[in-house]
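Data block below; observations after.
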There are 2 protein chains.
Amino acid sequence: MSAAADRLNLTSGHLNAGRKRSSSSVSLKAAEKPFKVTVIGSGNWGTTIAKVVAENCKGYPEVFAPIVQMWVFEEEINGEKLTEIINTRHQNVKYLPGITLPDNLVANPDLIDSVKDVDIIVFNIPHQFLPRICSQLKGHVDSHVRAISCLKGFEVGAKGVQLLSSYITEELGIQCGALSGANIATEVAQEHWSETTVAYHIPKDFRGEGKDVDHKVLKALFHRPYFHVSVIEDVAGISICGALKKRCCLRLWFRPKGLGWGNNASAAIQRVGLGEIIRFGQMFFPESREETYYQESAGVADLITTCAGGRNVKVARLMATSGKDAWECEKELLNGQSAQGLITCKEVHEWLETCGSVEDFPLFEAVYQIVYNNYPMKNLPDMIEELDLHED
Amino acid sequence: MSAAADRLNLTSGHLNAGRKRSSSSVSLKAAEKPFKVTVIGSGNWGTTIAKVVAENCKGYPEVFAPIVQMWVFEEEINGEKLTEIINTRHQNVKYLPGITLPDNLVANPDLIDSVKDVDIIVFNIPHQFLPRICSQLKGHVDSHVRAISCLKGFEVGAKGVQLLSSYITEELGIQCGALSGANIATEVAQEHWSETTVAYHIPKDFRGEGKDVDHKVLKALFHRPYFHVSVIEDVAGISICGALKKRCCLRLWFRPKGLGWGNNASAAIQRVGLGEIIRFGQMFFPESREETYYQESAGVADLITTCAGGRNVKVARLMATSGKDAWECEKELLNGQSAQGLITCKEVHEWLETCGSVEDFPLFEAVYQIVYNNYPMKNLPDMIEELDLHED
């Protein structure tokens with residue numbers, strides 16, 4: 001092997017030294033009292049993240065309490081409780097079959113009990129369940145608890161578009177960051193190499209290293225040899241990407257409908273989609289940073305993965321081939337889980353209507369019209385073309 | 001259909017009004033003397049672009065001379081000359097079979113004759129033939145001729161890395177821009193919707209609208225209903241993307257080698273690749289603009305398309321499954337054409353070695369070592385991980 005290759009091995013860690021990133025867990029300080037961690041949610045992605053977190057809590061006993069609780073919405077599977085199956089056979093047979101979970105991950109059907117004396121809560125439930133979960137938790141979570149939201153989407157109301165991390169902060173009075181990345185859950189669960197981005201803003205009441213959650217603690221909590229984590233400050237940026245990428249999953253509609261579009265068209269959709277995501281961020285969350293969208297796993301990489309084959313793509317493909325509507329396809333395909341893109345699609349459309357900004361987002365709007373109003377796909381290229389006819 | 005959908009149709013042209021883009025051909029001024037256009041090159045991509053250009057020259061007789069010459073490296077196909085086949089049967093049976101070419105596209109085996117009295121030359125030959133072509137053209141091209149290079153790659157020499165458009169300008173004394181985008185040639189040839197980016201810097205000796213080539217003329221020359229063009233100034237930016245994207249085509253090596261990496265890993269490679277492309281641009285071509293990389297078809301969209309299935313991916317796949325080396329695979333697969341990524345890979349490696357900058361580009365370097373020195377793929381995630389161990 002050449003000298004260059006040897007040097008590569010030695011120096012690869014120096015990449016991106018100019019960018020603000022958390023350090024590895026190597027320089028991690030022991031916690032005065034190890035942090036107790038709970039994961040709320042046990043779907044496909046929830047169970048996967050709980051596995052990651054439990055592996056790290058076991059691996060860093062000086063930083064984390066070894067037992068990780070996972071709140072599970074109780075279900076009966078062939079007469080047996082799902083929590084009992086998880087706690088005895090260490091497998092979530094319904095939502096993550098075939099994956100062995102660490103034995104320090106304890107399923108708990110009691111939401112309030114699962115967060116008793118907790119220091120860090122990881123939220124990983126479908127977006128639409130968040131309001132109910134928060135209202136149940138209210139009054140049972142201390143204000144110095146810290147949280148990370150793995151949810152995708154926005155809360156859209158009369159006040160406008162709100163990040164789900166901000167919603168959690170508002171409802172529970174706790175600091176909340178976000179985790180988002182190019183993460184098809186099954187691949188992470190099978191320990192196939194993936195990357196992600198964690199964003200967390202250190203709050204004003206930070207109690208100091210070893211006493212409170214900082215970027216190093218979060219890196220230690222989520223980073224695995226197969227799941228590479230970068231920790232940044234820009235919570236808004238990664239949340240916007242996570243919520244809006246699904247708009248770009250259109251492409252798999254095209255081919256079955258006989259438009260004959262190929263890889264070039266797919267890339268074009270993703271490019272225009274990335275542009276609209278950045279514009280949305282600049283318009284409604286000016287604190288988000290443009291670099292986040294094209295430098296982080298939560299940005300461009302997540303967009304690529306989602307368009308290559310996430311839940312929304314599956315739903316779209318079935319819609320195209322079966323002629324059924326989106327809601328039926330979702331029910332049929334996703335085993336009770338939700339293709340949240342459909343909900344976000346409508347919510348964002350309504351918000352842009354309220355703001356009079358629909359025309360700034362022709363791709364987003366086209367997706368809405370296709371899903372909800374049978375808008376013809378073949379006009380899409382003309383709709384998103386940048387003619388600038390009126391400039392001279 | 002809703003009011004929003006109607007508005008979408010009316011207003012879709014206003015997208016990106018804040019960005020500097022060329023206007024559509026609608027406001028195009030007639031040329032005092034219609035521009036005569038020649039395409040140099042008749043491979044897969046060369047013939048495709050010649051088809052596009054010839055269609056537009058026929059469509060805008062007030063701007064372009066109707067006959068478009070295409071210089072063809074003469075070959076015999078079953079005893080018949082390729083130029084004769086093209087000129088009588090209007091098909092490039094060797095490099096673009098099955099596609100009917102416009103009858104105003106005239107194949108010419110004589111390079112010097114093909115550029116006689118020409119106003120615009122479109123270069124679309126394999127990178128490695130450029131020096132010979134330029135030395136033959138020298139003295140036969142007037143200084144007010146304008147050119148667009150569709151070539152991918154750099155010219156790497158003792159002086160460093162030079163854009164191919166700059167090489168053409170230096171060798172022939174003519175202003176030269178570039179065309180690059182998410183363009184798998186066959187899809188464009190089949191008129192499946194695609195986008196591209198043309199970059200051209202208006203020279204100091206610009207002779208005025210209607211007399212010289214400007215952004216509107218270039219839009220009219222390349223834009224088709226199936227091939228959407230944006231025209232920008234940043235020649236360096238789009239050229240760097242075009243040359244370096246191939247480094248990211250690694251991913252198809254992974255699965256056959258049993259590493260079990262999936263879509264998440266593929267997206268991670270593309271993310272890191274985009275970051276290194278931007279870094280390369282900032283380091284060696286500070287005039288290039290960061291936005292070009294993530295806003296333009298020539299940037300992120302081209303990267304996605306290339307990684308989804310271009311020539312380099314085909315070569316990589318055959319390498320992985322057959323155990324043959326890159327050069328053999330190229331010969332076997334590409335019908336005499338070149339997977340230019342292999343050449344660029346080595347050239348850029350040597351240039352980075354000269355500059356002592358190898359360690360700033362761990363993914364580029366890893367690709368080089370894999371192709372040329374059988375470097376083991378499985379170490380890649382660790383090699384490109386951003387640990388920043390030494391920051392605190």
Side-chain angles (χ1 to χ4, degrees), chain A residues 1-2 4-5 7-9 11-17 21 23-24 26-27 182-184 187-188 192-195 228 230 260-265 267-268 270-271 274-275 294-295 297 300-301 304-305 308-309 353 358-359 362 365-366 369 373 375 381 383-389 391-392, chain B residues 1-2 4-5 7-9 11-17 21 23-24 26-27 182-184 187-188 192-195 228 230 260-265 267-268 270-271 274-275 294-295 297 300-301 304-305 308-309 353 358-359 362 365-366 369 373 375 381 383-389 391-392:
Chain A
M1 205 158 291
S2 76
R7 202 163 69 219
L8 185 62
N9 264 338
T11 60
S12 59
H14 296 292
L15 176 61
N16 279 329
R21 286 183 170 276
S23 70
S24 149
V26 175
S27 61
N183 301 144
I184 293 175
E187 293 184 8
V188 177
H192 294 167
W193 176 48
S194 308
E195 293 185 321
H228 284 196
S230 85
W261 293 352
N263 288 324
N264 295 351
Q270 292 175 58
R271 180 193 75 81
L274 182 64
Y294 60 89
Q295 282 181 351
S297 178
V300 63
I304 293 169
T305 305
E353 282 251 302
V358 166
E359 62 208 55
E365 185 57 17
Q369 296 297 343
N373 291 329
Y375 200 77
M383 279 153 46
I384 64 176
E385 201 205 331
E386 295 152 0
L387 282 173
D388 298 353
L389 287 180
E391 280 192 2
D392 21 319
Chain B
M1 205 158 292
S2 75
R7 201 161 72 220
L8 186 61
N9 263 340
T11 61
S12 58
H14 297 291
L15 176 62
N16 279 328
R21 289 186 169 273
S23 70
S24 147
V26 175
S27 61
N183 301 145
I184 293 175
E187 293 184 8
V188 178
H192 295 168
W193 176 47
S194 308
E195 292 184 322
H228 284 196
S230 85
W261 293 351
N263 287 326
N264 296 350
Q270 292 176 58
R271 182 193 74 82
L274 183 63
Y294 59 90
Q295 281 181 353
S297 177
V300 63
I304 293 170
T305 305
E353 280 253 302
V358 166
E359 62 208 54
E365 185 57 16
Q369 296 297 342
N373 291 328
Y375 199 78
M383 280 154 44
I384 64 176
E385 200 205 333
E386 295 151 1
L387 282 172
D388 299 352
L389 287 180
E391 278 192 4
D392 32 315

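What's counted below: heavy atoms across the whole structure, side chains too, no hydrogens, waters or symmetry copies. A, B, ... follow the sequence lines: proteins, then strands. Residue 1 opens every chain.
Between A:Trp193 and B:Ala268, the shortest heavy-atom distance links the atoms CH2-CB, 4.0 Å. Heavy atoms only, all atoms of each residue included: B:Ala267 and A:Ala301 are closest at CB-O, 3.2 Å. The minimum heavy-atom distance between A:Asn264 and B:Ser194, with the atom names listed, is ND2-OG, 2.9 Å.
Rounded to the nearest 0.5 angstrom, A:Ser230 OG and B:Arg271 CZ are separated by 6.5 Å.
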